[in-house]
Amino acid sequence: MTKYSIENNFAGVMVVPVFEGKGLSVQAKELDKKLNGLLSEMCISDNFESKKMQMSFSRTQNKDVPAVLLVGLGKDTDFDIRSLKQVVGACVIGMQGKKIGNFSLVLSNELIKKFGAKKLGLELAVAVETASYAFDEHKSEADARVQKLEKLSVVGKFSASEKTNLQKGIAEGEVIGHSVNYTRHLGNTPPSIMTPSLLAKEAQKLAKENNAIKVKVLSRPEIKKLNMGCLLGVSQGSVEEPKFIIVEYLGGGSSQKPVVLVGKGITFDSGGLGIKPGNYMNDMKFDMLGAGTVLGVIKAVASLKLKKNVIGLIPSCENMPSGSSYRPDDILTAHNGKTVEIIHTDAEGRLILADALAYAVKYKPREVIDFATLTGACMVALGNERSGLFGNDESIIKNLEDKSKEVGEQLWHLPVGEEYTEAIKSEVADVKNLAGVGGPGYGGASTAAAFLQFFTDYPWAHIDLSCSHYDGKGKPWIRHGANGFGIQTLVEYLR
Ligand code: BES
Ligand code: ZN
Ligand code: ZN
């Protein structure tokens, strides 16, 4: 765990951010003086122009400050929260790469003024926490593991209130960052370990750690009793027992209607009998990251003691081929009695979500927001740095879009509508689990959303995490694997 401190003096390895075209900040100039002009010299000799992400590293002769890293922020006018997180994250990963586990970051007055001390502290800590996380526990050689970031100091000339607000922000950012990494860890864990049963145990662990969280886990007999025929259908080809996990955080008092969060918890998606070809099956351990997001949001919301009622509903199972698998042409009956024709066993996420969305009615929710790694189509449309946003309520959509911008996550509003709703109608059941508009697979992210919408009768939004939930290679500011997309947006949305 990284320890944070706020300091006035330059000590240790220093990271010095510089805006393009603005020269060294007042604070950086002071450090430059202490280092006999080393920073100014680096700007010239290393051709350092402060372009976003540009870096220049140097060891020094100074005992107090053994090394410095100049880092470019790009143009002040282009510099937003997303850029801040990228630059800070890249510095952390850069330092870990040099086996430096303790360094300081110079915060100029410009940065404090731009974002406000609390927001700056919060986003900084989120960036530091998410950048320093690595899923390396399965590496047998200690040397091959990533350098832990033990201490991070923030250095500058802060007023008393700026210092307090920075501290408050950092404390909240740590909580959120830990929740993001918790979700990433659930996602990164191999699917032979991260089964529906372990996911349920992890939820129960959350409840043990924080007694404001209550967890109930339903197993096959109870799931049967609730007539969740879609969850049962998808799970029947696997030796792993399905789980329906209910997480409650009631911080808002008895009169407040809850927000229900629903998360797709497919712990491995082989495609079932409609088995995925070649390497399309790789990375399908991440197909439970909707569930992981719900758990991460509730962990954060409970740790921050938000005065809100939040319920998490997680249908979880494996999608596997076997003699007992559900088949194309089967008709499954959901919790609310609606029937579904199976066209393709690989369109399983919407099925297990249907049972959960129907079950959510029981809570008389203010609104329901679901998270799911639902469609390859959404990934084709948006790539891996944005998630699709769908819903039946303009104000929820607008609010989610605004909050995502504020935290530097990217949501993109995509449609539901009549043509998609028409397309999913079935000849033999109420709806079918796969349809296109104008051609096979056309509008696949929207027909999937329309399918979910069929099971809702409350204000609702759906976030298709497609492949925005992980990165096979990683980025300069975050390592490969699950990235925890959406948790921070939801925390701000629920505040
Ligand atoms: N879990 C996948 C969606 C997915 C694909 C997420 C790639 C992340 C990356 C989902 O269950 C699925 O398999 N969808 C298929 C359905 C189709 C084959 C009927 C899809 O969208 O390709
Ligand atoms: Zn699938
Ligand atoms: Zn899936």
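Every number for a ligand or one of its atoms is a count from 1 in the order of the listing.
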Which N/O atoms of ligand 1 sit under 3.5 Å from a protein N/O, and at what distances?
{"residue": "ligand 1", "atom": "1 (N)", "partner": "Lys264", "partner atom": "NZ", "Å": "3.3"}
{"residue": "ligand 1", "atom": "1 (N)", "partner": "Asp269", "partner atom": "OD2", "Å": "3.2"}
{"residue": "ligand 1", "atom": "1 (N)", "partner": "Asp287", "partner atom": "OD1", "Å": "2.9"}
{"residue": "ligand 1", "atom": "1 (N)", "partner": "Asp287", "partner atom": "OD2", "Å": "3.0"}
{"residue": "ligand 1", "atom": "1 (N)", "partner": "Thr373", "partner atom": "O", "Å": "3.3"}
{"residue": "ligand 1", "atom": "11 (O)", "partner": "Lys264", "partner atom": "NZ", "Å": "3.2"}
{"residue": "ligand 1", "atom": "11 (O)", "partner": "Asp269", "partner atom": "OD2", "Å": "2.9"}
{"residue": "ligand 1", "atom": "11 (O)", "partner": "Asp346", "partner atom": "O", "Å": "3.0"}
{"residue": "ligand 1", "atom": "11 (O)", "partner": "Glu348", "partner atom": "OE1", "Å": "2.9"}
{"residue": "ligand 1", "atom": "11 (O)", "partner": "Glu348", "partner atom": "OE2", "Å": "3.0"}
{"residue": "ligand 1", "atom": "13 (O)", "partner": "Asp269", "partner atom": "OD2", "Å": "3.4"}
{"residue": "ligand 1", "atom": "13 (O)", "partner": "Lys276", "partner atom": "NZ", "Å": "2.6"}
{"residue": "ligand 1", "atom": "13 (O)", "partner": "Asp346", "partner atom": "O", "Å": "3.0"}
{"residue": "ligand 1", "atom": "13 (O)", "partner": "Asp346", "partner atom": "OD1", "Å": "2.7"}
{"residue": "ligand 1", "atom": "13 (O)", "partner": "Asp346", "partner atom": "OD2", "Å": "3.1"}
{"residue": "ligand 1", "atom": "21 (O)", "partner": "Gly376", "partner atom": "N", "Å": "2.7"}

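Counting only residues at least two apart or on different chains, the salt bridge (Lys or Arg N to Asp or Glu O under 4.0 Å) pairs with a member in residues 381-396 are Arg82-Glu385, Glu385-Lys475.
Of all protein N/O/S atoms, those under 2.8 Å from the Zn ion (ligand 2) are Asp269 OD2, Asp346 O, Asp346 OD1, Glu348 OE1, and waters are not counted.
At least one side-chain heavy atom of Gln204 sits under 4.5 Å from a side-chain heavy atom of Val217.
Counting only distance, with no hydrogens or angles, the side chain of Lys403 and the backbone of Gln488 share no donor-acceptor pair below 3.5 Å. Counting only distance, with no hydrogens or angles, the side chain of Asp287 and the backbone of Phe268 share no donor-acceptor pair below 3.5 Å.
Within a 6.0 Å sphere centred on NZ of Lys338, heavy atoms belonging to other residues, nucleotides or ligands number 12 at most. Taking a 6.0 Å sphere around NZ of Lys276, one finds it holds more than 12 heavy atoms contributed by other residues, nucleotides or ligands.
Judged as a salt bridge (charged side-chain N to carboxylate O under 4.0 Å, His left out), and not counting sequence neighbours, the contacts of Lys51 are Glu20.
Taking the six-membered ring for Trp and the full ring otherwise, Tyr359 and His335 have centroids separated by under 6.0 Å.
Shown here for Thr345 and Asn319, the closest heavy-atom pair between the two residues is O-ND2, 3.1 Å.
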